[in-house]
Protein chains: 2
Amino acid sequence: MDLPTPPQQPGTSADCRPISQMLGRIGDKWTIMTITMLLKGPTRFNQLRRMIGGVSQQMLTRTLRALETDGLVSRQVYPTIPPQVEYSLTDLGRSLAEPLTQLTIWVLDNIEQVERNRADATQPS
Amino acid sequence: MDLPTPPQQPGTSADCRPISQMLGRIGDKWTIMTITMLLKGPTRFNQLRRMIGGVSQQMLTRTLRALETDGLVSRQVYPTIPPQVEYSLTDLGRSLAEPLTQLTIWVLDNIEQVERNRADATQPS
DNA sequence: CGGTATCCTTTCCGATACTG
DNA sequence: CAGTATCGGAAAGGATACCG
């Protein structure tokens, strides 16, 4: 029941949509934050939640499930009481972390400039 | 009338939300595609639209406006008939393009593996 | 050509309640 | 602790019509 390749003209160049879709997934802010945090090592659910900050339990769960499905994160359950679950990056996940880290560094370096530009655009006085 | 810093516990670590927000913006798939395409040089609206593929006129307009507001893209209008509008990256935009390109390369290199992982997760037979 | 305005559907995502 | 289930408002985003 998947979209069987929606209206795509034969005349247009290579279909970039699979790439767009993939970028939409991994470009997701929670995904980026999650992978970045997991770089520090295996981390438990609520620990991750606190590290990221501002993420709801549902969103973190959904993000982690998607990452697990895609083979970027692995989930290790320790059947203790109370239960303990550790998430960690797979090799594939670690390979993605590198470009994501570069992106985060860019944000840290340039967020102030962007916010200034944005303010100038609002108040061009 | 902006959100004046929503509920943030004092006990939590540094507030990552400005960074999350910024990542949510530039991590947007249309934004990534647009900036990547503009790396090839100044490009006209419909040209860009065709290059990206699968983007509605509205979304491309919105994406370009946002990028312009943030100072990542500049817009040059030639008052010819018919009108001609060229978009190009600013220096700031070009600096962002580098990490984004790395990300796109990762996607190209790993999309097949991810899709296999995803299929395996659906059919674990 | 390069938009803007409007409508409308789909998806996102937070809040809440409940579970092993 | 680490979830799952359900709901509802908000936001994203496509389709269409129209304009300079």
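Numbers restart at 1 for each chain; the letters A, B, ... are given by sequence-line order, proteins then strands.
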**Study point:** Matching residue for B:I19 among A:V107, A:T36, A:I32 - test: side-chain contact (heavy atoms from CB on, under 4.5 Å)
**Key:**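 It is A:V107; the other options fail the test.
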
**Study point:** Reference residue A:T43; test side-chain contact (heavy atoms from CB on, under 4.5 Å); the match among A:M37, A:M51, A:R49
**Key:**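 Looking at A:M37, A:M51, A:R49, the match for A:T43 under the side-chain contact (heavy atoms from CB on, under 4.5 Å) is A:M51.
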
Review point. Rounded to the nearest 0.5 Å, what separation is found between the CG atom of B:L67 and the CZ atom of B:R62?
Key: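 One finds 14.0 Å between CG of B:L67 and CZ of B:R62.
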
If you check every side-chain atom of [X], which of [options] has the closest atom?
X	options	answer
B:R65	C:dG3, D:dC1, D:dT4	C:dG3
A:R62	D:dG13, D:dT6, C:dC13	C:dC13
B:M59	D:dG13, D:dC1, C:dG2	D:dG13
A:R75	D:dG3, C:dG3, D:dG14	D:dG3
A:F45	C:dT4, D:dC1, D:dG3	D:dG3

**Study point:** Sugar-phosphate, base or nothing in reach of A:Y87, heavy atoms under 4.0 Å
**Key:**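 Sugar-phosphate, backbone atoms only, no base.
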
Please report, rounded to the nearest Å, how far the [atom2] atom of [N] is from the [atom1] atom of [X].
X	N	atom1	atom2	result
A:I81	D:dG3	CD1	P	16 Å
A:R49	C:dG14	CZ	P	10 Å
A:L48	D:dC1	CG	P	14 Å
A:Q21	D:dG14	CD	P	13 Å
B:E86	C:dG3	CD	C1'	16 Å
A:N46	D:dC1	CG	C1'	6 Å

Practice item. Please confirm whether any donor atom in the side chain of A:Q57 sits under 3.5 Å from an acceptor in the base of D:dG3, or the reverse. Key: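 Per atom types, the contact qualifies.
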
Review point. Donor-acceptor pair under 3.5 Å: do we get one between A:Q58's side chain and the base of D:dT6?
Key: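 Answer yes: a donor N or O sits under 3.5 Å from an acceptor.
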
Review point. Side-chain N or O of A:R44 less than 4.0 angstrom from OP1 or OP2 on D:dC1?
Key: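 No, no such contact exists.
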
Exercise for review: Go through the steps for B:L72 and A:N117 under the test side-chain contact (heavy atoms from CB on, under 4.5 Å), then give the verdict.
Suggested key: CA-CA 9 Å; B:L72 297 165; A:N117 293 340; over 6 Å; no

Practice item. Kindly state which residues belonging to residues 30-42 of chain A come within less than 4.0 angstrom of DNA chain D, counting heavy atoms of the residue only, listed by number. Key: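 Within residues 30-42 of chain A, no residue comes under 4.0 Å of DNA chain D.
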
Check your understanding: Which is it for A:L103 and B:I26 under the side-chain contact (heavy atoms from CB on, under 4.5 Å) test, yes or no, and what are the steps along the way?
Key -> CA-CA 9 Å; A:L103 193 60; B:I26 64 177; 4.0 Å; yes

